[in-house]
Amino acid sequence: MKTSNILETVNMVDKEHFDVRTITMGLSLFPAIRGSAKDTASAVYDLVTKRAERLVKVGEDLANEYGVPVVNKRISVTPVSLITAPFKGEEVVIAKALDRAAKAVGVNFLGGYSALVQKGMTSYEESFIRSIPEVLAETDLLCSSVNVGSTRAGIEMNAVRLLGEIIKETAEKTKDRDGFGCAKFVAFCNAVEDNPFMAGAFHGVGEGECMINVGVSGPGVVYHALQGKEDLPLNEVAEIVKKTAFKITRVGQLMATEASKRLGAEFGIVDLSLAPTPVVGDSVGRILESMGLQSVGTHGTTAALALLNDAVKKGGVMATSRVGGLSGAFIPVSEDEGMIAGVKCGSLTLEKLEAMTAVCSVGIDMVAVPGDTPAETISAMIADEAAIGMVNNKTTAVRVIPVPGKGVGQTVEFGGLLGAAPIMPVNPASSAVLIHRGGFIPAPIHGNKN
Amino acid sequence: MKAVLTVLGKDKPGIIAGVSLFLAEHGINIEDISQTIMQGNFTMIMVVNIENSDLPLGELTAAAKAVGEKIGVTIHLQHEDIFNAMHEV
């Protein structure tokens with residue numbers, strides 16, 4: 001073992017904020033379906049608490065033994081709308097049982113209060129979606145998502161319209177916490193079934209019974225690797241990112257293998273995403289700036305992000321036996337110190353963020369908008385993002401917070417990893433007529449690949 | 001099972017003595033050791049065998065950290081697999 005390699009690893013953790021962002025246990029809830037909502041809730045509680053009983057302990061043990069922090073221990077479950085289908089109007093009973101179970105086992109979040117409606121919203125799914133504001137207001141650890149489109153199916157615009165209202169209602173129901181409920185909700189296009197990251201994690205129906213999915217982090221490590229390399233051409237920058245991503249991902253692979261062995265679960269995937277935190281030195285925005293941009297959001301940002309996202313994938317893919325999840329670079333505003341600075345200085349706008357989502361792994365993420373933003377405008381933001389995802393055959397998402405009673409120029413503090421969000425202006429021109437047309441946007445021709 | 005112990009900090013008398021005493025107390029054998037001064041900082045790396053240790057690795061890492069705090073240096077004790085995973089293809 002080379003001294004320099006050992007010290008490099010130690011420094012990554014000590015000085016460059018390297019961590020495993022999450023070990024997420026994916027659980028199938030199908031074995032817990034019973035004849036009533038109450039009995040199902042009880043069986044769901046038992047299943048989750050039994051299966052995930054040792055998850056937090058194993059995560060902590062691994063962190064101690066390998067000397068790499070495991071920041072979050074989480075659970076994702078089968079999209080709950082499939083479990084609640086026979087119990088229209090009683091969805092909250094099952095949601096509360098999941099929240100209690102998550103608290104009992106000590107995880108940070110439980111994701112999967114979700115519905116997949118890209119090809120049509122059934123009556124039980126509509127009932128489920130209408131329960132989301134109450135659920136997000138009355139539970140603490142539950143995260144929710146709805147998939148409204150896919151490259152194969154097109155975009156279900158009735159669901160898109162409804163989600164604008166749901167997001168507004170969620171903000172209103174959690175207005176004492178600046179609309180915090182909306183930070184736990186994502187609208188997706190091309191949602192993935194093995195995503196370990198919140199708020200969009202759910203355990204897809206094609207997954208195994210109990211899987212371990214690991215999300216690594218490491219913007220700080222990539223940032224440090226690029227310091228002092230200002231004169232390199234961009235292709236060499238890409239090489240450095242690739243090598244760094246390889247090292248980071250190998251740790252994810254090791255942790256995922258060991259965690260699944262100790263928990264008697266199946267190894268699922270490693271998600272290669274660069275996930276920032278609000279801590280200085282752990283920012284994706286600052287990586288883009290270190291490639292030569294004065295401020296993130298200026299012209300050239302999309303190109304720099306495209307390079308970064310691709311190099312992360314290329315470096316990571318050889319380091320793990322199974323890649324999955326979102327795998328790329330995340331660009332949440334409130335959770336990234338560099339992105340927040342970009343918004344505050346006027347360099348990073350919502351329009352530029354939208355362009356950036358065409359080349360990275362997620363979408364408009366953790367963006368605060370004025371509380372009086374019309375529901376239709378939020379729906380239209382979701383439609384735009386879904387269109388980018390649908391046409392580009394990639395996952396896109398919207399996680400926006402219309403902050404009740406607040407407007408542009410103000411900042412909301414969500415605390416912890418969720419950070420602080422400067423409220424960004426939205427286009428004041430109406431999108432209402434488009435949104436109220438309903439129907440669906442047909443899938444693109446290249447979605448028909450068979 | 002092997003682990004890697006790294007000690008980083010300002011050089012002063014008693015660092016090796018303090019670390020060695022901790023390892024001996026817990027039945028940990030030193031298999032390899034290298035020590036240098038890098039950019040003015042004391043840097044020591046040990047490969048240790050913890051097979052006969054009285055504590056599991058997870059608890060040893062916390063104990064090692066505490067010893068470091070007492071001496072005034074930073075000590076990490078990590079499973080060797082983390083280094084192999086990261087630096088070997």
Quiz prompt | Most chain B-contacting option - heavy-atom pairs closer than 4.5 Å, from A:D61, A:I248, A:D14 | solution =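 Ranked by heavy-atom pairs under 4.5 Å with chain B, first place is A:D14.
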Interface moiety of [X] toward chain A, non-hydrogen atoms closer than 4.5 Å:
X: B:L77; value: backbone
X: B:D32; value: neither
X: B:T36; value: neither

Taking side chain as everything from C-beta outward and backbone as N, CA, C, O, which of these in [X] sits under 4.5 Å from a heavy atom of chain B? Side chain, backbone, both or neither.
X: A:E8; answer: side chain
X: A:L254; answer: side chain
X: A:M318; answer: side chain

Quiz item: Step by step, would you call A:T9 with B:V4 a side chain to side chain contact (heavy atoms under 4.5 Å, CB included)?
Solution: CA-CA 11 Å; A:T9 301; B:V4 175; over 6 Å; no
Self-check item: Approximate separation, where rounding is to 0.5 Å, of A:T249 OG1 and B:M86 CE
Solution: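 Output value for this atom pair is 9.5 Å.
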Quiz item: If you round to the nearest 0.5 Å, how far is CD of B:E80 from CD1 of A:I6?
Solution: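 Here the rounded value is 10.0 Å.
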A quick test of your reading: do over 12 heavy atoms of other residues, nucleotides or ligands sit less than 6.0 Å from [atom1] of [X]?
X: A:K103; atom1: NZ; value: yes
X: B:Q35; atom1: CD; value: yes
X: A:K229; atom1: NZ; value: yes

Would you say [X] and [Y] make side-chain contact, with heavy atoms under 4.5 Å?
X: A:E65; Y: B:D81; result: no
X: A:N64; Y: B:L57; result: no
X: A:L7; Y: B:I45; result: yes

Quiz item: Looking only at atom types and distance, does a side-chain atom of B:Q78 sit under 3.5 Å from a main-chain N or O of A:Y66, one as donor and one as acceptor?
Solution: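 Confirmed, B:Q78 side chain pairs with A:Y66 backbone.
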Self-check item: Donor-acceptor pair, side chain of B:H87 and main chain of A:N5, under 3.5 angstrom
Solution: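 Checked: pair present.
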Exercise. Against chain A, work out which of B:S34, B:A3, B:A62, B:G58 has the most heavy-atom pairs shorter than 4.5 Å and name it.
Key: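 It is B:G58.
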Quiz item: Should A:R250 and B:I82 be marked as a side chain to side chain contact (heavy atoms under 4.5 Å, CB included) after you check the CA-CA gap, both sets of side-chain angles, and the distance that decides it?
Solution: CA-CA 9 Å; A:R250 289 283 282 198; B:I82 194 84; over 6 Å; no
Quiz item: Do B:F83 and A:K2 pass the side chain to side chain contact (heavy atoms under 4.5 Å, CB included) test, and can you show the C-alpha distance, the side-chain angles, and the key distance before you say yes or no?
Solution: CA-CA 9 Å; B:F83 303 99; A:K2 275 165 68 181; over 6 Å; no
